[in-house]
Number of protein chains: 2
Amino acid sequence: MNISQIADKTGLPPKTIRYYEEIGLITPDRGANGYRVFTDSHLHKLAFLGRARTLGFSIEDCRTLLALYEDDTRASADVKAIARQHLKQIKEKIAQLQSMADTLGHLIKCCAGDNRPDCPILNDLARH
Amino acid sequence: MNISQIADKTGLPPKTIRYYEEIGLITPDRGANGYRVFTDSHLHKLAFLGRARTLGFSIEDCRTLLALYEDDTRASADVKAIARQHLKQIKEKIAQLQSMADTLGHLIKCCAGDNRPDCPILNDLARH
DNA sequence: ATAAGGGTTCCAGTGACTGGAAGGTCAAGG
DNA sequence: CCTTGACCTTCCAGTCACTGGAACCCTTAT
């Protein structure tokens, strides 16, 4: 498979796939013309990476997960630990965003939103 | 005021304040020795920026909000529109993260997390 | 022969800082 | 007067995970 074919199958842009090669996540073969040649094994790895990325794992987490994925003697506890840590960070991020949303929502409700310059949002920004 | 004093008062690192000058958000005066000199007006602007940033506004939003803050003839509707748009993006981000968290939480619950290699988390990553 | 549509590499930019190097300035102590 | 240490300055590089674009090569069809 050429890069655009595997890009279609995985949903990852060619640029991203080249980037993943550059940072050593995959190592496609090369044809006589210098083109990258992808096998089903590469396809599986890239699909794995795509899915892990949509779940928000960092590239370094993906690298570790991929190594565990390839390791038949892995302990599922190692995978679970990474996932737990990641989930914790996601939850922290959500809490932080929720706090912003609460504050903003309150300020928006208080703001008349008309032609007059008086604005509780700016007042709040200036007061702190 | 020198930069470290205003940094203390605003809670912003000196590096960040220099960066804000570089991108034109503030324009401190300069002493004869080349040191930046900050006035109360700069203090207020930086505090304003710090607060807006903790609410997650982008730098470009901050630039606009600061201009509105300085404009006595502003319409509060303009401020409200920016805040609304920002709140919408925050909510979208939260929904996205929540979806990740739900999926991850489910996978984690399904994973034994022991010494065996069998792992629902890796299975899921590989299946999609 | 040429044009379209692949592929390749390399460089630069994103956002909002952050770290570090190299060097100038200032106030206090010996 | 000299030194020490804490400031300050600028400039360059790095972060993260790509993304855009330029310049060029390869293949296939017309």
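Values reported hereafter were calculated over all heavy atoms of this structure, with side chains retained and with hydrogens, waters and symmetry mates removed. Each chain gets a letter, A, B and so on, in the order the sequences are listed, and its residues count up from 1. Model, not experiment: these values are computed from the prediction.
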If you count the non-hydrogen atoms of other residues, nucleotides and ligands that lie under 6.0 Å from CG in A:D114, is the total more than 12?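 Counting neighbours around CG of A:D114, more than 12 heavy atoms of other residues, nucleotides or ligands fall under 6.0 Å, so yes.
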Neighbour count above 12 (heavy atom, 6.0 Å) for A:R84 CZ: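 Incorrect, the count does not exceed 12.
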Backbone N or O of A:Y35 within a donor-acceptor pair of the A:N33 side chain at under 3.5 Å?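 Yes; at least one donor-acceptor contact below 3.5 Å.
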Side chain B:H86, main chain B:G56, donor-acceptor under 3.5 Å: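 It does hold such a pair.
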In whole angstrom, what separates [X]'s [atom1] from [N]'s [atom2]?
X: B:D29; N: D:dC8; atom1: CG; atom2: P; result: 16 Å
X: B:L12; N: C:dA16; atom1: CG; atom2: C1'; result: 12 Å
X: A:D8; N: C:dG5; atom1: CG; atom2: P; result: 16 Å
X: A:K93; N: D:dC16; atom1: NZ; atom2: P; result: 15 Å
X: A:I23; N: D:dC18; atom1: CD1; atom2: C1'; result: 9 Å
X: B:M1; N: D:dC7; atom1: CE; atom2: P; result: 17 Å
X: B:N2; N: C:dA27; atom1: CG; atom2: C1'; result: 13 Å
X: A:E22; N: C:dA12; atom1: CD; atom2: C1'; result: 13 Å

Mind checking B:I3 for me? I need base, sugar-phosphate or nothing, with any heavy atom below 4.0 Å counting as a touch.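 Sugar-phosphate contact only.
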Counting the atoms with a prime plus P, OP1 and OP2 as sugar-phosphate, which does A:P13 contact under 4.0 Å by heavy atoms, base, sugar-phosphate, or nothing?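 Sugar-phosphate contact only - A:P13 comes under 4.0 Å of backbone atoms but never of a base.
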Please tell me which of B:V37 and A:Y20 maps to the more 5' nucleotide of DNA chain D, matching each residue to the nucleotide holding its nearest heavy atom.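 Between the two, 5'-proximity favours B:V37.
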If only side-chain N and O atoms of [X] are considered, is one of them under 4.0 Å from the OP1 or OP2 phosphate oxygen of [N]?
X: B:S4; N: D:dC8; value: yes
X: B:R53; N: C:dC17; value: yes
X: B:R36; N: D:dT10; value: yes
X: B:T16; N: C:dT18; value: yes
X: B:N33; N: C:dC26; value: yes
X: B:R18; N: C:dA16; value: no

If you find the nucleotide of DNA chain C closest to A:E21 and the one closest to B:Y35, which residue's nucleotide is nearer the 5' end?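 It is A:E21, whose closest nucleotide lies nearer the 5' terminus.
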Return the 5'-most residue of the pair B:K15, B:E60 with respect to DNA chain C, ranking by each residue's nearest nucleotide.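 Whichever sits nearer the 5' end wins; that is B:E60.
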Could you label the plane-to-plane angle of the A:F48 and A:Y69 rings as parallel, tilted or perpendicular, counting under 30° as parallel and over 60° as perpendicular?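 Parallel.
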Nearest to the B:R30 side chain among D:dC26, D:dC7, D:dT10, which nucleotide is it?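 The answer is D:dT10.
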Counting only distance, no hydrogens or angles, is the base of C:dG15 paired donor-acceptor with the side chain of B:Y19 under 3.5 Å?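 Result: no qualifying N/O pair found.
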Looking only at side-chain N and O atoms, does A:H106 offer a donor or acceptor that is under 3.5 Å from a partner on A:T103?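 Short answer, no.
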